[in-house]
Number of protein chains: 2
Amino acid sequence: MSRGREITDEPEVDDFDFPRVLNAVADPIRLAIVTQLAAAPTDVSCGSFILPVHPSTATHHFTALRQAGVIHQYYAGTSRMNVLRRDDLNEAFPGFLDSVISAVTKVSTSAR
Amino acid sequence: MSRGREITDEPEVDDFDFPRVLNAVADPIRLAIVTQLAAAPTDVSCGSFILPVHPSTATHHFTALRQAGVIHQYYAGTSRMNVLRRDDLNEAFPGFLDSVISAVTKVSTSAR
DNA sequence: GCCTTAGTTTGATAGAAATCAAAATAGACT
DNA sequence: AGTCTATTTTGATTTCTATCAAACTAAGGC
């Protein structure tokens, strides 16, 4: 019966909750996930992220991002792949994601 | 000597830290402060905000926003006035504040 | 000078969130 | 079938954060 590999807790665009999205992105680990995802040319597996936390902790952060609607996840074999929901976020909160990404990116770029 | 009424912990634009700003704005009470401040035609005293928390709790939230660089505060008699640092935020993180304000405002506007 | 108003400071408390470790699950490979 | 790899689940712990209450500070007005 239950295969347990379906992911069904991703909200639809109409149900996006801005405070929740804000909260999801505000955590440094999760912000790193978003940033690395935004910079990647392809979908990224959970294990491919460079994160300073235990895998089980990372899972919680991925869950927070997914349930807020920031990322989409799907299985590919034993790996769980991650995709930024750029279009959906832009539709719900125009300009927000872009400003966040550019704000984070700027730091490492302008050596000041 | 010490008058104790000077506010000296407001960061300069160059010292703005994006994760910190994000974190400051991510709290629902603080987001309400930012929203109400953005909508107000003039500077607003701490006591004029409509917040569901004790004044001493509000003080902590104002402090978090101020130290992150989101608001500027100054004394006017017994009142402490608040100002959104729109220009500074826009200089440091272009588009961020605007997208946040419009994202929050949209909710109450479009009755769906 | 005293009382009022506005807000802050200082504790103390409670609830939420992040963290890790260990065990469990599931597909891929041999 | 058995093993390896990738990730999740569960449980325990700890660290943060928000919160309120009470006492304190300072300016304004009488």
Side-chain angles (χ1 to χ4, degrees), chain A residues 1-10 17 19-34 36-37 42-68 70-83, chain B residues 1-10 17 19-34 36-37 42-68 70-83:
Chain A
M1 209 108 318
S2 71
R3 302 218 315 291
R5 300 279 285 182
E6 307 296 316
I7 298 172
T8 57
D9 58 355
E10 296 186 356
D17 178 58
R20 186 166 192 174
V21 170
L22 211 39
N23 191 63
V25 169
D27 178 274
I29 300 291
R30 296 194 288 262
L31 190 57
I33 292 173
V34 170
Q36 289 177 38
L37 203 48
T42 68
D43 298 354
V44 184
S45 70
C46 291
S48 297
F49 287 87
I50 298 171
L51 302 172
V53 292
H54 192 281
S56 62
T57 301
T59 294
H60 285 301
H61 289 305
F62 283 117
T63 301
L65 287 170
R66 186 185 66 243
Q67 293 182 339
V70 179
I71 62 174
H72 164 65
Q73 293 189 306
Y74 64 94
Y75 279 100
T78 49
S79 293
R80 193 172 224 180
M81 306 302 293
N82 299 274
V83 195
Chain B
M1 206 90 334
S2 72
R3 303 219 311 293
R5 301 278 283 182
E6 307 296 315
I7 298 172
T8 56
D9 58 357
E10 296 185 359
D17 178 57
R20 185 165 193 175
V21 170
L22 211 39
N23 191 62
V25 171
D27 178 274
I29 301 291
R30 295 193 290 262
L31 190 58
I33 291 173
V34 170
Q36 289 177 38
L37 203 47
T42 66
D43 299 354
V44 185
S45 69
C46 292
S48 298
F49 287 87
I50 298 171
L51 301 172
V53 292
H54 192 281
S56 63
T57 301
T59 294
H60 285 301
H61 290 304
F62 283 116
T63 301
L65 287 170
R66 185 184 68 242
Q67 293 182 339
V70 179
I71 62 174
H72 163 64
Q73 293 189 305
Y74 64 94
Y75 279 100
T78 49
S79 295
R80 193 171 223 178
M81 306 302 293
N82 299 275
V83 194

(request) Could you pick out which residue, A:Gly77 or A:His60, lies toward the 5' side of DNA chain C when each is mapped onto its nearest nucleotide? (result)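 The residue mapped nearer the 5' terminus is A:His60.
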Provide, to the nearest angstrom, the distance between the [atom1] atom belonging to [X] and the [atom2] atom belonging to [N].
{"X": "A:Gln67", "N": "D:dT8", "atom1": "CD", "atom2": "P", "value": "12 Å"}
{"X": "B:Ile71", "N": "C:dG7", "atom1": "CD1", "atom2": "P", "value": "12 Å"}
{"X": "B:Leu31", "N": "D:dT17", "atom1": "CG", "atom2": "P", "value": "18 Å"}
{"X": "A:Arg20", "N": "C:dA16", "atom1": "CZ", "atom2": "P", "value": "14 Å"}
{"X": "A:Tyr75", "N": "C:dG27", "atom1": "OH", "atom2": "P", "value": "9 Å"}
{"X": "A:Asn23", "N": "C:dA17", "atom1": "CG", "atom2": "C1'", "value": "10 Å"}
{"X": "B:Arg66", "N": "C:dT9", "atom1": "CZ", "atom2": "C1'", "value": "13 Å"}
{"X": "B:Asp27", "N": "C:dG15", "atom1": "CG", "atom2": "P", "value": "17 Å"}

How long is the span from the [atom1] atom in [X] to the [atom2] atom in [Y], to the nearest 0.5 Å?
{"X": "B:His60", "Y": "B:Ile29", "atom1": "NE2", "atom2": "CD1", "answer": "13.0 Å"}
{"X": "B:Ile71", "Y": "B:Ile33", "atom1": "CD1", "atom2": "CD1", "answer": "6.5 Å"}
{"X": "A:Thr63", "Y": "A:Arg66", "atom1": "OG1", "atom2": "CZ", "answer": "4.5 Å"}

(request) Specify the closest pair of heavy atoms between B:Ala24 and B:Ala64, including all atoms of both residues, with the distance to one decimal. (result) CB-O, 4.1 Å
(request) Examine D:dA18: is either OP1 or OP2 under 4.0 Å from a nitrogen or oxygen in the side chain of B:Arg30? Give yes or no. (result) yes
(message) Strictly below 4.0 Å: does A:Arg80 bring a side-chain N or O up to OP1 or OP2 of D:dA6?
(response)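 No.
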(request) Output yes when a side-chain donor or acceptor of B:Asp9 lies under 3.5 Å from a complementary backbone atom of B:Gln67, and no otherwise. (result)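 No; zero donor-acceptor contacts below 3.5 Å.
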(request) Could you tell me whether a side-chain N or O of B:Arg30 sits under 3.5 Å from a main-chain N or O of B:Asn23, the two making a donor and an acceptor? (result)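 Here the side-chain-to-backbone pair exists.
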What does the list of N/O pairs under 3.5 Å between the protein and nucleotides 3-5 of chain C look like, with a distance for each?
none

(message) Expected output is a numbered-order residue list: members of residues 48-57 of chain B with a heavy atom under 4.0 Å from any atom of DNA chain D. What is it?
(response)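 When residues 48-57 of chain B is checked for heavy atoms under 4.0 Å from DNA chain D, the hits, listed by number, are B:Val53, B:His54, B:Ser56, B:Thr57.
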(message) Quick check: do B:Val44 and B:Gln36 have side-chain heavy atoms less than 4.5 Å from each other?
(response)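 Result no, sub-4.5 Å side-chain heavy-atom pair not found.
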(message) Just so I know, are the side chains of B:His61 and B:Leu51 near enough to count as touching, which here means a heavy-atom distance under 4.5 Å?
(response)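 In short, these two side chains do not touch, never coming nearer than 4.5 Å.
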(request) Kindly point out which of C:dG7, D:dT19, D:dT7 is positioned nearest to the side chain of A:Ser45? (result)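 When the side chain of A:Ser45 is considered, D:dT7 is the closest of C:dG7, D:dT19, D:dT7.
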(request) Could you check which of D:dA18, D:dT8, C:dG7 has an atom nearest any side-chain atom of B:Ser79? (result) C:dG7
(message) Exactly one of B:Leu37, B:Val70, B:Leu31 should register a side-chain contact (heavy atoms from CB on, under 4.5 Å) with B:Leu65. Which one does?
(response) B:Val70
